[in-house]
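Working notes for the structure below.
It should be emphasised that the depicted structure is a prediction, and the values quoted were computed from it without experimental measurement.
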Amino acid sequence: MKQFLNVRPACQLFAIISMCWLTTTWAEESETEDLKMAEQLDEVVDQVEEIIVTATKRAVNIQNIPQSVFSLSGSTLEAIGAESFEDFAHQIAGLNVSSPGQVGHKSVNIRGISPLGNGDSDFATVGFYIDETPISDASSLADFALFDVDRVEVLRGPQGTLFGEGSLGGTVRILSNRPNSETFGSKAEVTFSSIDKGGEAYRFMGMLNLPLVENKVAARIVAGYIDNGGFVDNIRTGSEDIDATKNSYFRGALGFEANENLSILASVTIQNIEGQGAAFDEVDTPDLTQVRAIDGEYDDDNLLASLIIDYNFGWAKLTSATSYYDRDTSRQLDLPPTTFAIAAIFGIPDFLVPDLLPSGTIEVDDLSTQTFTQEIRLVSSNDGPFEWLIGGFFRDRDNFVSALVDQNELPGLTGGFLTSDIFDIVHNSTFEHIALFGEATYDISSRAHLTGGFRVFRETITSVATLEIPILGTGVIPSMTRDREEDVQIKAAFSYDVTDEAMVYVNFSEGFRPGGFNFRLLVPTIPRTFASDTAKNYEIGAKTSWGEPGRHVTANVAFYRIDWTDAQLADFTLGGANFTFNAGKVRIDGAELEVSARPVDGLDLGFNLSYNDSKLKQDIFSQVSDQQLASRGETLPFAPEVTYNVYAAYEFPFTSQLNGFGRVDFSYVDEFNSDFGLAGTATTLPSYEILNLRAGVKGKHWSVTAFVDNVSDERASLNVVDPEFVGLLRNRPRSFGVTLRTEY
């Protein structure tokens, strides 16, 4: 697979050729078209779009959905310069990204619901979709490149009925542009930037839309290469910018409109990300530096293939979504705490560790996931008074994990050194999920609407694992586990249209995360299995909009309470293997506010606010040692109480043929905890603020944008890495850059 994924040279060539071709095409356009430019640009500025989303698996105005939903259009993603998930996360109230500080290990949380503990979970707490395919992974989200995206949809609160497992806190959907068989289209983008105290970053991306048979068949090809630079140096090895990553991306889609009722879309996405270390620095070293025996190594290969078939019966639309997702990751990282612990066992003083154990303790992980999913759903086509959908879902997921912790320079009993592995874990697991789901809305009157939904599911998990601990003279110890769970999730909502522009609603929804088994080798006292955890969401809100084309205001507000029951907490067993147990109850109270306005032509203003109060409802004790890990009333980790984003974007006629534009984005994240207070690794990380500025000019088919990200060079602390050494995961320092974009 890695040979197949070596697409970097082709991606770079494709993007560069696309840019050159598009520039030439623009230069050859007629003068008549240029004279029409200003008028057409003014029309775009004054246009008020109705935001249509498919968050309920049918196309509907976002203002008519009785739950908290947020959408970012593809044009907005371009306007803020979003290249990856983290670049747009700050735009969405209540959504946060956390990482344990290891390259490629990121998780998403919404409304404060995130994986708890310092181990790895099998399932995420937020559902993450690329088009129709769920790609969620608990602690290692595949961050696909953002280019040629139609929109991003974020559904806040549990979404168990329509989106199934892992949607405890909500669901994120990234929806790509589809091939267009009516007209040729192309787009290219080049970005160069320089990072303060770091390296240079650049990005080449290109898209071609090719009608192959008019109004019947079209292909859409997207490819590119991203080098995001780096800004952290390793003093011990002398390497600079070790947190830099390189991303090669390709997406090909073929659309077939057989007739007015039948459409078929086949697509394949290939992405490879390579990197070394994580972006953390140690507080006892100079700014943005670390001391590690090795820089690290990270490789992430992704292959996503999907086939979507739609057939319109007239009275209902049938959709079949089939996908196969293959992800292979490998990494090597230094483990200083383990190195010093081993040194203590052999009586080596701390100050002699760098000299006597110069290679450190190295963890080598290989992770592989193959997932097949199939969803079939039938959605009614009528507008009322009774709308419904019903569907079935099947997923088969195979996981392979190999974790080797190695110390090559342990003192021998007779002097000298010997080579030894500390432990080696090989873990194969299979997750088979089958579900039936449905949702219906009944119009009680022209203004009152009642919605109900359900999901019935069965999850079967099989695990085969082996553990070897050569340092203790322990041979291979096998373990096999099988578990099955069944449950029902429900949803209910009532909405009332106070006016044609204002709606109030109440909503109850549930979400779940499957239970599973534990790696019990050497520690038979831990539970053999752990149960699923569930979240029940009670929400009341209002959605309002008023104004006219060119002048409008939209204001949405939601208040919620979430009861999270049997919350899963991942921890470590003797020897470093993970185990999970059900820690207990959590209550989350919060509110969200979104306001957007266009007070004058070309000026867009927005404000997004989230307030979140998440508390444990009981003490938590370890299932192995009975040690208390957390106290009743503690705030959840990675759950800031207040986050908000403010933006202003202005577009105006610059000349008869050019428009000028500018944008300001300001984000605030309140202080938050990195762990529970009694876990021994907790740190309260301070609040931080990020200011981004962008400005430029645009013509009919091109634009030039200059930008400064993180204007104040804020040094945010995103997580604690290796608490014994107080390493802090950092955000990107101030960056200056320019983006050239052309589209035809």
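Note on D148 versus R251: no salt bridge recorded, every NZ/NE/NH1/NH2 to OD/OE distance being 4.0 Å or above. Salt bridge R513/D533: present, at least one basic N to carboxylate O contact under 4.0 Å. Note on E375 versus R377: salt bridge recorded, some NZ/NE/NH1/NH2 to OD/OE distance being below 4.0 Å. Of the charged side-chain nitrogens involved, none lies within less than 4.0 Å of a carboxylate oxygen, so that K187 and E189 do not count as a salt-bridged pair.
Distance CD/Q374 to CG/D396: 12.5 Å, rounded to 0.5 Å. T565 OG1 to I562 CD1: the interatomic distance, rounded to the nearest 0.5 Å, is 11.5 Å. Within the model, atoms OG of S429 and CZ of F400 stand 10.5 Å from one another, a figure rounded to the nearest 0.5 Å. Atoms CD1 and CE, on I226 and M205 in that order, are 5.0 Å from each other to the nearest 0.5 Å. A distance of 5.0 Å separates CG in L304 from OG1 in T269, rounded to the nearest 0.5 Å.
What you find for A558 and S68 is that their closest heavy atoms are CB-CB, 4.3 Å. Here the closest heavy-atom approach between residue A316 and residue N312 is recorded as O-OD1, 3.5 Å. In this structure, I444 and F494 approach most closely via the heavy-atom pair CD1-CE1, 4.0 Å. Across all non-hydrogen atoms, the minimal contact from A82 to D87 is CA-CB, 3.6 Å. The two residues V97 and A89 come nearest to each other via the heavy atoms CG2-CB, 3.9 Å.
Between F184 and L208 the shortest side-chain heavy-atom distance falls below 4.5 Å. In this structure, F163 and F437 have side chains that are not in contact, with every pair of non-hydrogen atoms separated by 4.5 Å or more. Residues V213 and F256 are not in side-chain contact: their nearest non-hydrogen atoms beyond the backbone lie 4.5 Å or more apart. For the pair H449/Y505, no side-chain contact is recorded, criterion being any heavy-atom separation below 4.5 Å from C-beta on. Residues D299 and D301 form a side-chain contact, since some pair of their non-hydrogen atoms from C-beta on lies under 4.5 Å apart. Between V268 and L303 the shortest side-chain heavy-atom distance falls below 4.5 Å. Looking at heavy atoms from C-beta onward, I376 lies out of side-chain contact with F394 at the 4.5 angstrom threshold. Using a 4.5 Å cut-off on side-chain heavy atoms (C-beta onward), R111 and N537 make contact.
Under the side-chain contact (heavy atoms from CB on, under 4.5 Å) rule, I264 has a single partner from D310, V217, L307, which is L307.
Side-chain contact, R220 with S267: no donor N or O sits under 3.5 Å from an acceptor N or O. Side-chain contact check for T451 and T441: at least one donor-acceptor pair (N or O, by modelled atom type) lies under 3.5 Å. A donor-acceptor contact closer than 3.5 angstrom is absent between the side chains of T430 and T462. Side chains of Q271 and N247: a donor-acceptor N/O pair is present below 3.5 angstrom, by distance only. Checking S532 against E485 by side-chain atom types alone, a donor-acceptor pair falls below 3.5 Å. Judged by distance alone, the side chains of Q63 and N61 never bring a donor and an acceptor atom under 3.5 Å apart.
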Could you go through the salt bridge (Lys or Arg N to Asp or Glu O under 4.0 Å) check for E743 and R741 one step at a time? CA-CA 7 Å; E743 184 172 2; R741 183 179 294 116; over 6 Å; no
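Classified by interplanar angle (parallel below 30°, tilted 30° to 60°, perpendicular above 60°), the ring pair F128/F85 is perpendicular. The aromatic rings of H433 and F393 lie perpendicular to each other, with more than 60° between the two planes, well past the 30° mark.
F147 and Y249 have their aromatic ring centers separated by at least 6.0 angstrom.
Atom NZ of K317 is surrounded by 12 or fewer heavy atoms from other residues, nucleotides or ligands within 6.0 Å.
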